[in-house]
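What follows is one structure encoded as structure tokens, with my remarks underneath.
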Amino acid sequence: MLIKNIRIENSSETTDIRVQDGKFERIAKDIAPLPGEEVIEGKGRMALPPFIESHVHLDSALTAGDPCWNLSGTLFEGIECWSKRKDKLSKEDVKERARMAVRKQAANGIQFVRTHVDVTDPTLIAMEGLLELREELKGIVDIQIVAFPQEGIQSYPNGEKLMENAVKMGADCVGAIPHFEFTREYSVESLNFAMKLAEKYGKLVDVHCDEIDDEASRGLETLACRAYEAGMGEMVTASHTTAMHSYNNAYVTKLFRLLKMSKINFVSNPLVNTHLQGRMDTYPKRRGVTRVKELLAAGINVSFGHDDIFDPWYPLGDGNMRDVVHMGLHVCQMMGYEEILNSYKLVTHNAARTLHLSNYGIEEGNPADFIILDAENFYDALNEKSAVLYSYRGGKLIASTAPAAKTVHF
Ligand code: 17E
Ligand code: FE2
């Protein structure tokens, strides 16, 4: 297959791309078609490496309102609603909803997903379901699974055992939720446990860390310190870290030294955390999104996640990373021209680093995983809500969208 006249990322120039045996065989200007070769005219549109969803909860996807709506809009009421829904889970129910959610994601150009799966359930049924779906979709949309202790490790009956069992079953990453543990001591203990578990089994770590508007919630310093001391920083991710929004600047200045030394990754979920945080405030209301702009300026790796698709924590969402980027740029005040133009990196390259993907990117020799947007650059794509026209995985078309035709009658 030969794609003519395509722009790679935000390039001002167009090029041609030959895909052969599922790989980018050649990227150069003016490649002549081989006899019988399929030729696709790129028309100067933009090609990107596929979008990556670096933080979502597929086990709860598409359950909003069942059995109750989260009326307060808090994280904690969401956890209560979910706890009731958990009683009704079956493997087929989990697989079916998660599969529907992944199909929505794929339609929007996502090919790699990191999902958290709640393991505070003695049956571990959601974990079983997601592990099966991971196998089913391998090579089409790759799923990474985090063993996520929604109701705590130290604060939930047999929490440690459930975590270890989930890892033995095949989870890719170890999670934790320090801000939800009963005490500060449990919070520290849970992080020590998670790091040791990951080290023992050679797993990545992704912690729901300080997702609360409490400036005293300081799981992050413990996580970063353990990661630094174990030399595991690049394998470790701190998700949410919304308390950092409320930390005082003197503390943040001190903290950033450790964060940089530790080399840990961050995932911010601006869509969901602007909705969930600040709920106990009157006015002014905090935004509750971590300090993305400052983390990036310090050279720390940050990606954006959607977090939820129509579930107890978020009543909207159709798995489109563009919505996440749009909200994130606003709420983090990253609205300079270059910041908007390059914001796709938050849901592509930066996320690839967090997920430890190899051979990712439009380069000769890599698997031909890419998407084509109906725009010339990402600034326009974001502003005009341009469709992801094609999503190719290993050179095979896995999703396509016909752009809506708009007519103005004056
Ligand atoms: N669980 C949690 O602890 N935090 C979240 N943001 C979601 C689930 C979606
Ligand atoms: Fe989350």
Side-chain angles (χ1 to χ4, degrees), residues 53-64 69-70 72-86 89 94 97-98 101 113-121 126 130 144-153 155-156 159 163 173-182 187 190-191 194 205-214 217 219-220 223 237-245 265-279 287-290 302-317 319 321 324 327-328 331 351 354-355:
E53 168 59 277
S54 55
H55 187 122
V56 71
H57 297 253
L58 289 177
D59 56 346
S60 60
L62 309 174
T63 65
W69 290 95
N70 177 351
S72 65
T74 59
L75 167 67
F76 294 89
E77 189 175 335
I79 295 173
E80 275 176 47
C81 290
W82 170 240
S83 187
K84 291 186 188 125
R85 184 61 176 77
K86 254 197 284 193
L89 289 181
V94 172
R97 286 183 291 96
V113 176
R114 176 179 282 183
T115 181
H116 299 256
V117 179
D118 186 2
V119 298
T120 49
D121 168 7
L130 258 304
Q144 239 179 43
I145 296 176
V146 184
F148 169 53
Q150 178 66 81
E151 297 184 51
I153 300 176
S155 314
Y156 189 80
M163 286 291 292
C173 318
V174 174
I177 185 164
H179 54 280
F180 193 80
E181 300 286 353
F182 291 145
S187 150
S190 71
L191 290 168
V205 175
D206 192 332
V207 172
H208 275 63
C209 199
D210 307 314
E211 190 186 11
I212 190 166
D213 298 318
D214 173 9
S217 184
L220 178 57
L223 179 66
T237 298
S239 280
H240 295 292
T241 61
T242 63
M244 197 202 288
H245 189 94
N265 306 286
F266 283 76
V267 180
S268 172
N269 300 293
L271 208 52
V272 167
N273 284 127
T274 44
H275 156 58
L276 294 176
Q277 306 312 129
R279 290 285 182 163
R287 294 172 177 182
V289 172
T290 198
V302 186
S303 66
F304 278 163
H306 199 306
D307 206 12
D308 301 277
I309 300 173
F310 192 73
D311 75 4
W313 296 277
Y314 190 62
L316 299 171
M321 299 315 289
V324 178
M327 174 61 85
V331 79
T354 293
L355 266 64

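Read the numbers this way: they start at 1 and go in the same order the structure lists the ligands and their atoms.
Side-chain atoms of Asp59 never come within 3.5 Å of backbone atoms of Val117 as a donor-acceptor pair (strictly under, hydrogens ignored). No donor-acceptor distance shorter than 3.5 angstrom exists from the side chain of Ser83 to the backbone of Ile79, with no hydrogens or angles considered. The backbone N or O of Thr290 sits nowhere less than 3.5 Å from a side-chain atom of Thr241 that would complete a donor-acceptor pair.
If you look at the Fe ion (ligand 2), the protein N, O or S atoms less than 2.8 Å from it are His55 NE2, His57 NE2, His208 NE2, His240 NE2, Asp307 OD1.
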Extract all N/O-N/O pairs under 3.5 Å that connect ligand 1 to the protein, and present each with both atom names and the distance rounded to 0.1 Å.
| unit_1 | atom_1 | unit_2 | atom_2 | d |
| --- | --- | --- | --- | --- |
| ligand 1 | 1 (N) | Gln150 | OE1 | 2.7 |
| ligand 1 | 3 (O) | Gln150 | NE2 | 3.0 |
| ligand 1 | 4 (N) | Glu211 | OE1 | 2.7 |
| ligand 1 | 6 (N) | Glu211 | OE1 | 3.4 |
| ligand 1 | 6 (N) | Glu211 | OE2 | 2.7 |
| ligand 1 | 6 (N) | Asp307 | OD2 | 2.7 |

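Atom NE2 of His55 sits about 11.5 Å away from atom CG of Leu355, to the nearest 0.5 Å.
Thr74 meets the side-chain contact (heavy atoms from CB on, under 4.5 Å) test with Ser72, Phe76, Glu77, Arg279, Met280; sequence neighbours excluded. In terms of the salt bridge (charged side-chain N to carboxylate O under 4.0 Å, His left out) criterion, Asp307 has no residue partners (sequence neighbours excluded).
In this model, no donor atom of one side chain and acceptor atom of the other lie less than 3.5 Å apart for Ser217 and His179. A donor atom on one side chain and an acceptor atom on the other are found under 3.5 Å apart for Glu181 and Ser155. Between the side chains of His240 and Asn269, at least one donor N or O sits under 3.5 Å from an acceptor N or O.
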